[in-house]
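Atoms considered below: every heavy atom in the structure, side chains included; atoms not considered: hydrogens, waters and symmetry mates.
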Amino acid sequence: MSDQDIQIIDFEEMLRFVERRLAEAGKYVQRDAIIMILESEEAFLREKGIIQDME
């Protein structure tokens, strides 16, 4: 992907994917905890300039 490419990621889809992967590994994590982790990751990537809000 070049610097000009835009990729949109659906948060709910990503959340369900993480929940499914954890379930397949025999792990249960509360949805609130997963959301907090994903939001923290998003904030980190935004701080590093890797992701940006669309205008």
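Contact check for D32 versus M36: no side-chain heavy atoms found under the 4.5 Å cut-off.
To the nearest 0.5 Å, atoms CE (M14) and CD (E42) are separated by 7.5 Å. We find the CD-CD1 distance between E39 and I35 to be 6.5 Å, quoted to the nearest 0.5 Å. How far CZ of F44 is from CD1 of I51: 11.0 Å, rounded to the nearest 0.5 Å. Interatomic distance, R46 CZ to E41 CD, rounded to the nearest 0.5 Å: 11.5 Å.
With sequence neighbours left out, the salt bridge (charged side-chain N to carboxylate O under 4.0 Å, His left out) criterion links E12 to R16, R31.
By the criterion of side-chain heavy atoms lying less than 4.5 angstrom apart, applied directly or through intervening Ile, Leu, Val, Met, Phe, Trp or Tyr residues, I9 is not grouped with L45; the two fall into different hydrophobic clusters. Linking Ile, Leu, Val, Met, Phe, Trp and Tyr residues whenever their side-chain heavy atoms come within less than 4.5 Å places F11 and I34 in a single cluster.
Within a 6.0 Å sphere centred on CZ of R20, other residues, nucleotides and ligands contribute more than 12 heavy atoms.
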